[in-house]
There are 2 protein chains.
Amino acid sequence: MSDVTGRKRGRPPRTESADTRDRILAAAREEFSERGYEKTSVRGIAKAAGVDSALVHHYFGTKEQVFEAAVEIAAAPALNAPDLVADGPLDGVGERLTRYIFGVWENPATRMPLLAIVRSAVTNETAAAVFRRLVAAQLLRRIAAHLDTPDAELRAELAAAQLVGTAMLRYVIKVEPLASADVEQIITRVAPVVQGHLSGP
Amino acid sequence: MSDVTGRKRGRPPRTESADTRDRILAAAREEFSERGYEKTSVRGIAKAAGVDSALVHHYFGTKEQVFEAAVEIAAAPALNAPDLVADGPLDGVGERLTRYIFGVWENPATRMPLLAIVRSAVTNETAAAVFRRLVAAQLLRRIAAHLDTPDAELRAELAAAQLVGTAMLRYVIKVEPLASADVEQIITRVAPVVQGHLSGP
DNA sequence: GTCTATAGATCGATAGAC
DNA sequence: GTCTATCGATCTATAGAC
């Protein structure tokens, strides 16, 4: 109707709102991953994204909904994981699972939402629920289904404990020399432990 | 000089301030352990202790100093630990260490400051420093000193990762069935892993 | 020793102008 | 689509009365 100046159809009125939403999401991911849920403020996210705080609410609603949108990306790779690691010969599942987990942590793009979840899950129930849905319900239960011992789920959780604990000390608390160690050296030591939990005596 | 009424020397003037300080400390320990550093408020501690928030500041100063005083008790048993677990035959250190750690976690009195530290260490630098001083510097380094491999410290930290991760899933995130499992069953599975990290190939 | 009062700051969320 | 303005709540910390 209006705008007959010859510009392309459907072009935004004036400013670039094209990727504003994505900029907010990226800023939220960084803030939540660095500070955790409680310490992160909507205003801080807005400032990091270069917009007004009201705009954050306009796009996502409450702070909790911002958090959910920011860590949603972490669900995608985690949901694909079980098939990749659980299927295949049982005696290689330790290495496959360990290699997959550290692959996700070492990738900066996927590490941030994981950091956000871990930093937040210890004090925020929403984040804890995401953690349980991601780790326990999806990953562990399907791995446990491949074992035929009565305490299969406990075994899977103790294997996860080794992986989660290593990630905590390496990526969150940054304890040396673990934080700076070569990831292949870590995998070499951790994979047999995971394998032992799952298929050992 | 004054007070010639026959009362005992040095008796507090009127009210029972005898254990007020301790009540505040106990309340702080409970609040920090349940909510973590950021989510805990000085006012919440005061209310739980049945006093005014100004009194909390009067006794301890800033919120950070309240936190340090509240988790200080956790340092005492941890500092005694290395001698108990590191000394003795190397092939029993896995079980001794695992049994000692879960003993501390299973004791409600010592569990609370540990929960406070873990819940806070992921977002608060003061708590993270306490964690490093407690776990890494004191415990791990002295255990690593008993090993004679070049990567002794890395081995000790991966052993700690299994213990920390198990505590996270059991006591903080409360993932089932690990959270409700018998502690002896857990020790049976975890101790060999710790032993393997420290003295394995 | 304990409390009232309050300064000073930040936060989440909303209404509404442009 | 983006911002200004603002409400109401909450927080740390201090000064000072009793």
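Just so it is clear: chains get the letters A, B, ... in the order the sequence lines come, proteins before strands, and each one is counted from 1.
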**Student:** Does some side-chain heavy atom of B:Met168 sit less than 4.5 Å from a side-chain heavy atom of B:Val175?
**Tutor:** no
**Student:** Quick check on D:dT2: is either OP1 or OP2 less than 4.0 Å from any side-chain nitrogen or oxygen of A:Thr20?
**Tutor:** yes
**Student:** Whole angstroms only, please: what is the CD-P distance between B:Glu31 and D:dC11?
**Tutor:** 11 Å
**Student:** When the distance from CD1 of A:Ile45 to C1' of C:dC11 is rounded to whole Å, what number comes out?
**Tutor:** 12 Å
**Student:** Enumerate all atom pairs, one protein N or O and one N or O from nucleotides 4-6 of chain C, separated by less than 3.5 Å.
**Tutor:**
residue : atom : partner : partner atom : Å
C:dT4   : OP2  : B:Asp52 : OD2          : 3.3

**Student:** Would you compute the distance between atom CG of B:Leu139 and atom CG of B:Leu163 and round it to the nearest 0.5 angstrom?
**Tutor:** 9.5 Å
**Student:** Mind calculating the distance between CG (B:Asp19) and C1' (C:dT2) to the nearest angstrom?
**Tutor:** 14 Å
**Student:** Quick one: do A:Arg170 and A:Glu106 make a salt bridge, cutoff under 4.0 Å?
**Tutor:** yes
**Student:** What residues in residues 118-127 of chain B put a non-hydrogen atom under 4.0 Å from any atom of DNA chain D?
**Tutor:** none
**Student:** Kindly indicate whether the side chain of B:Thr20, heavy atoms from C-beta on, has any atom under 4.5 Å from the side chain of B:Arg23.
**Tutor:** yes
**Student:** For the side chain of A:Arg99 and the backbone of A:Gly94, is there at least one donor-acceptor N/O pair under 3.5 Å apart?
**Tutor:** no
**Student:** Please state how far atom CD in B:Glu64 lies from atom C1' in D:dC11, giving the value in whole angstrom units.
**Tutor:** 15 Å
**Student:** Is the shortest heavy-atom distance from the side chain of B:Gln185 to the side chain of A:Leu154 under 4.5 Å?
**Tutor:** yes
**Student:** From the list C:dT2, C:dG12, D:dC3, which nucleotide is the closest neighbour of the side chain of A:Leu55?
**Tutor:** D:dC3
**Student:** Does CD in A:Gln65 sit with more than 12 non-hydrogen atoms of other residues, nucleotides or ligands closer than 6.0 Å?
**Tutor:** yes
**Student:** Can you tell me how far C1' of D:dC11 sits from NZ of A:Lys39, to the nearest Å?
**Tutor:** 15 Å
**Student:** So what does A:Tyr59 hit on the nucleic acid, given a heavy-atom distance under 4.0 Å: a base, only sugar-phosphate, or nothing?
**Tutor:** sugar-phosphate
**Student:** Measure NE2/B:His57 against P/D:dC11 and give the value in whole Å, please.
**Tutor:** 12 Å
**Student:** Regarding A:Glu157 and B:Arg189, does a basic nitrogen lie under 4.0 Å from an acidic carboxylate oxygen?
**Tutor:** no
**Student:** Return the orientation label for the B:Phe32 and B:Tyr37 ring planes: parallel under 30°, perpendicular over 60°, tilted otherwise.
**Tutor:** parallel
**Student:** Report the distance from atom CG of B:Asp22 to atom P of C:dG1, rounded to the nearest whole Å.
**Tutor:** 14 Å
